[in-house]
S.K.: 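Here it is: the structure, laid out below.
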Amino acid sequence: MNINEMIAENVNVCSNPSELKITDIRVANINGAPKHCPLIKIYTNQGLVGYGEVRDASSATYALMLKSRLVGENPCNVDKLFRRIKQFGGPSRQGGGVSGIEIALWDLAGKAWGVPLWQMLGGKFRDKVRVYGDTDVDGKHTGTDMGYAIKKRMDMGFTVVKMDLGIELLYDEPGCLNAPLGMLESMQKYSSKAIQHQSGSIDRSLMRGKNYEIFTIPHYATGIHITEKGMDYLEDYVKQVRDVVGYEVPLAIDHFGHVSMEDCIKFLKRLEKYNIAWVEDIQPWHLTDHYVRIAESCNVPLATGEDIYLADGFLPLLEKHGIAIAHPDLLSIGGALETKKLGDLCEKHGVGMAIHMAESPIACMAAIHTAAALQNVLAVEFHSVDIPWWNDLANGIDNPLFKNGFVDVPNTPGLGIENLNEALIAEHIHADYPGQWEPTTEWDQEWANDREWS
């Protein structure tokens with residue numbers, strides 16, 4: 001043992017935690033990891049830097065607007081600061097700023113005190129966290145094609161897999177969909193970019209004009225129904241997948257499409273024989289009664305939650321038994337501690353949990369630490385297996401991170417990330433947001449009366 005190791009065993013060389021102060025917050029936007037990922041750095045007066053991330057396909061503004069409320073504060077007081085800023089979060093991407101800041105605060109607290117995030121959440125239940133493989137096939141394809149793509153995931157070591165299965169498979173199949181004349185053509189024209197956005201940045205044009213009008217029609221208002229021929233087609237697609245991968249591996253389904261609750265029930269009844277692990281976001285998450293009716297009408301587990309903000313946001317679905325699987329994203333729910341709280345609620349209501357994650361290694365490591373600290377968790381999503389440079393974005397983590405279906409839980413401080421690969425970030429900076437950790441002084445004077453009561 002050398003002198004430095006002897007000192008590290010007996011002296012806190014990490015920081016002076018009680019005097020730690022936030023001095024700055026800056027961002028860098030990367031693209032293709034697999035999507036648009038706004039990364040966060042929180043700087044301090046002692047040279048420590050905390051890493052966070054805004055939800056994929058979101059805006060760094062959600063984090064930067066919080067800067068003036070945090071500069072000068074001690075980042076180790078994570079819960080105190082979260083309670084101050086949580087009013088500025090909301091569903092889906094609106095939760096990204098609060099959530100990303102919360103992750104960065106934990107990273108700083110862990111570095112300051114020299115302990116990993118999982119320890120600050122109460123300790124770990126496991127040394128390895130199972131991850132599930134999301135699987136995409138580009139363009140027109142068959143269930144057999146998807147089956148072989150999933151088989152490749154299994155060959156990599158994945159023990160739980162997920163695929164997209166949506167009504168877009170039926171657009172070019174005559175007689176499979178029923179809708180007001182012209183509606184399907186509009187869906188194809190204006191929503192095709194959304195359907196194909198699994199890799200890279202979602203096109204900003206989706207948030208404008210006719211694109212936005214079509215993109216935001218809820219399931220119950222589209223008027224789209226699936227004919228019996230269409231039901232046959234989709235069922236045969238799933239059968240083809242199972243014929244390739246077998247029935248032993250858990251197979252989840254996502255992105256079914258904006259169709260009515262009644263059509264969902266009809267199709268899910270057909271899926272019962274294919275041993276589906278869960279069907280995700282079959283209706284908008286806030287329509288609790290829709291989930292309850294579907295859950296009571298068929299025997300396929302339902303999951304939702306990647307767009308729910310705060311653990312309490314899951315309570316209606318949990319209390320009414322609308323879902324079998326809670327599926328939070330750490331970057332929407334409010335961060336690590338809210339996910340931990342949700343785990344306790346799931347235990348109380350007898351509901352399983354899997355964690356959504358389609359972001360950079362920063363969000364991934366936060367999810368791995370949090371999953372380690374949960375008593376029961378099925379798996380954490382891993383959506384970047386096909387991105388060869390993804391693992392290299394963060395230094396200090398295992399590389400490869402994913403091994404034989406699991407990620408090892410690190411014992412290093414905070415998230416376990418030593419620093420970021422700045423050269424690689426520069427290579428993948430988002431074309432629309434070219435700055436890399438540029439000054440954010442324009443947010444220094446952001447101010448409002450934040451009191452929520454009079």
Side-chain angles (χ1 to χ4, degrees), residues 30-37 56-57 131-158 160-174 176-177 184-207 211 214-215 224 226 230 233-245 249 251-259 267 274 276-277 279-282 306 356-360 364 381-391 402 427-428 430-432:
I30 61 173
N31 198 12
K35 304 178 184 180
H36 168 204
C37 300
D56 66 280
V131 292
Y132 75 84
D134 208 334
T135 311
D136 305 314
V137 177
D138 293 332
K140 185 71 173 178
H141 64 279
T142 66
T144 300
D145 296 329
M146 176 61 80
Y148 282 116
I150 292 173
K151 191 67 168 60
K152 289 180 181 178
R153 293 284 193 259
M154 296 165 64
D155 292 342
M156 294 175 186
F158 285 102
V160 179
V161 290
K162 187 173 80 175
M163 67 176 184
D164 289 352
L165 174 68
I167 62 171
E168 67 274 7
L169 292 169
L170 304 178
Y171 283 160
D172 298 324
E173 299 294 328
C176 287
L177 291 173
L184 294 177
E185 290 75 11
S186 293
M187 293 288 288
Q188 287 181 275
K189 179 178 179 179
Y190 294 106
S191 292
S192 59
K193 292 177 182 178
I195 293 168
Q196 301 299 332
H197 83 283
Q198 294 305 307
S199 181
S201 179
I202 189 169
D203 196 302
R204 67 165 63 190
S205 68
L206 277 172
M207 299 299 111
N211 284 334
I214 297 296
F215 183 58
I224 298 174
I226 306 172
Y233 186 99
L234 293 177
E235 181 183 349
D236 185 61
Y237 182 99
V238 177
K239 182 181 183 299
Q240 290 176 37
V241 172
R242 277 300 192 195
D243 286 344
V244 175
V245 305
V249 65
L251 173 65
I253 290 174
D254 193 8
H255 295 295
F256 185 58
H258 290 196
V259 296
F267 183 61
Y274 299 105
I276 302 303
V279 173
E280 192 174 313
D281 296 326
I282 196 75
E306 69 182 71
H356 179 269
M357 198 289 298
E359 294 113 3
S360 87
C364 181
E381 182 175 13
F382 197 75
H383 207 310
S384 303
V385 69
D386 298 322
I387 311 297
W389 49 270
W390 182 91
N391 213 145
F402 168 73
E427 289 181 28
H428 296 281
H430 197 298
D432 292 335

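Note that the numbering runs from 1 along the sequence shown for the chain. All of these numbers come straight from a predicted model, not from anything done at the bench.
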S.K.: Please report the interatomic distance OG(S360) to CG(N391), rounded to the nearest 0.5 Å.
M.R.: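 Answer for the OG-CG pair, S360 versus N391, is 11.0 Å.
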S.K.: Mind checking what makes salt bridge (Lys or Arg N to Asp or Glu O under 4.0 Å) contact with D236, not counting sequence neighbours?
M.R.: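 By the salt bridge (Lys or Arg N to Asp or Glu O under 4.0 Å) rule, D236 matches no residue at all.
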S.K.: If you look at every heavy atom in D164 and Y237, which pair is closest and at what distance?
M.R.: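 Result for this residue pair: O-OH, 4.3 Å.
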S.K.: Determine whether the aromatic ring centres of residues H258 and F215 are separated by less than 6.0 angstrom.
M.R.: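 Ring centres of H258 and F215 not closer than 6.0 Å.
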S.K.: Could you check I30 against E427 for side chain to side chain contact (heavy atoms under 4.5 Å, CB included), going step by step and ending with a plain yes or no?
M.R.: CA-CA 9 Å; I30 61 173; E427 289 181 28; over 6 Å; no
S.K.: Mind checking what makes side chain to side chain donor-acceptor pair (under 3.5 Å) contact with D172, not counting sequence neighbours?
M.R.: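 D172 satisfies side chain to side chain donor-acceptor pair (under 3.5 Å) with no other residue.
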S.K.: Under the ring-ring contact (aromatic ring centres under 6.0 Å, His included) test, which residues partner F402, sequence neighbours left out?
M.R.: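 Residues passing ring-ring contact (aromatic ring centres under 6.0 Å, His included) with F402: F158, F382.
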S.K.: How would you list, by chain and number, every residue that makes a side chain to side chain donor-acceptor pair (under 3.5 Å) with D254, sequence neighbours excluded?
M.R.: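 Once residues adjacent in sequence are excluded, D254 has no partner under the side chain to side chain donor-acceptor pair (under 3.5 Å) criterion.
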S.K.: Do you know which two heavy atoms are closest between E235 and F267, and how far apart they sit?
M.R.: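 What the structure gives for the nearest pair is N-CE1, 3.7 Å.
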S.K.: So which heavy atom on H141 is nearest to which on M146, and how close?
M.R.: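 Shortest heavy-atom contact: NE2-CE, 4.1 Å.
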S.K.: I need the minimum non-hydrogen distance between G133 and T135, along with the two atoms involved.
M.R.: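 Looks like O-OG1, 3.5 Å.
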S.K.: Can you tell me if K152 has over 12 outside heavy atoms packed within less than 6.0 Å of its NZ?
M.R.: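 Counting other residues, nucleotides and ligands, NZ of K152 stays at 12 neighbours or fewer.
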S.K.: My understanding is that only residues two or more places apart in sequence, or in another chain, count here; which of them pass side chain to side chain contact (heavy atoms under 4.5 Å, CB included) with E185?
M.R.: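 With neighbours one apart ignored, the set is empty.
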S.K.: Applying side chain to side chain contact (heavy atoms under 4.5 Å, CB included), name anything that partners T142, two or more places apart in sequence or on another chain.
M.R.: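 T142 satisfies side chain to side chain contact (heavy atoms under 4.5 Å, CB included) with T144, D145, Q240 once adjacent residues are dropped.
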S.K.: Please round to the nearest 0.5 Å and tell me the distance separating atom CG of L165 and atom NE2 of H255.
M.R.: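 Result: 11.5 Å between the selected atoms.
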S.K.: Consider side-chain contact (heavy atoms from CB on, under 4.5 Å). Of L184, L170, I226, which one does C176 pass it with?
M.R.: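 That would be L170.
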S.K.: Quick one, V161 with V249, criterion side chain to side chain contact (heavy atoms under 4.5 Å, CB included). Give me CA distance, side-chain angles, the key distance, then yes/no.
M.R.: CA-CA 7 Å; V161 290; V249 65; 4.1 Å; yes
S.K.: How long is the gap from CG on D134 to CD1 on I150, to the nearest 0.5 Å?
M.R.: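 Taking CG in D134 and CD1 in I150, the distance rounds to 9.5 Å.
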S.K.: Hey, what do you get for NZ (K162) to CD (E280), rounding to the nearest 0.5 Å?
M.R.: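 Between atom NZ of K162 and atom CD of E280 there are 3.5 Å.
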S.K.: Working to the nearest 0.5 angstrom, can you tell me the gap between H428 NE2 and H36 NE2?
M.R.: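 It is 14.5 Å, given to the nearest 0.5 Å.
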S.K.: If you take all heavy atoms of A358 and D56, which pair is closest and at what distance?
M.R.: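 Taking A358 first and D56 second, the nearest heavy atoms are O-CB, 3.8 Å.
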S.K.: With rounding to the nearest 0.5 angstrom, report the CG to OH distance, L169 to Y233.
M.R.: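 The OH atom of Y233 is 6.0 Å from CG of L169, to the nearest 0.5 Å.
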S.K.: For K239, what residues pass the side chain to side chain donor-acceptor pair (under 3.5 Å) criterion, not counting sequence neighbours?
M.R.: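 Scan of K239 (side chain to side chain donor-acceptor pair (under 3.5 Å), adjacent residues dropped) gives D243.
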S.K.: According to side chain to side chain donor-acceptor pair (under 3.5 Å), who are the partners of Y148, at least two apart in sequence or on a separate chain?
M.R.: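 So Y148 forms no side chain to side chain donor-acceptor pair (under 3.5 Å) with any residue.
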S.K.: For S384, give me all partners under side chain to side chain contact (heavy atoms under 4.5 Å, CB included), at least two apart in sequence or on another chain.
M.R.: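 For S384 the side chain to side chain contact (heavy atoms under 4.5 Å, CB included) partners, ignoring immediate neighbours, are P34, I387, W390.
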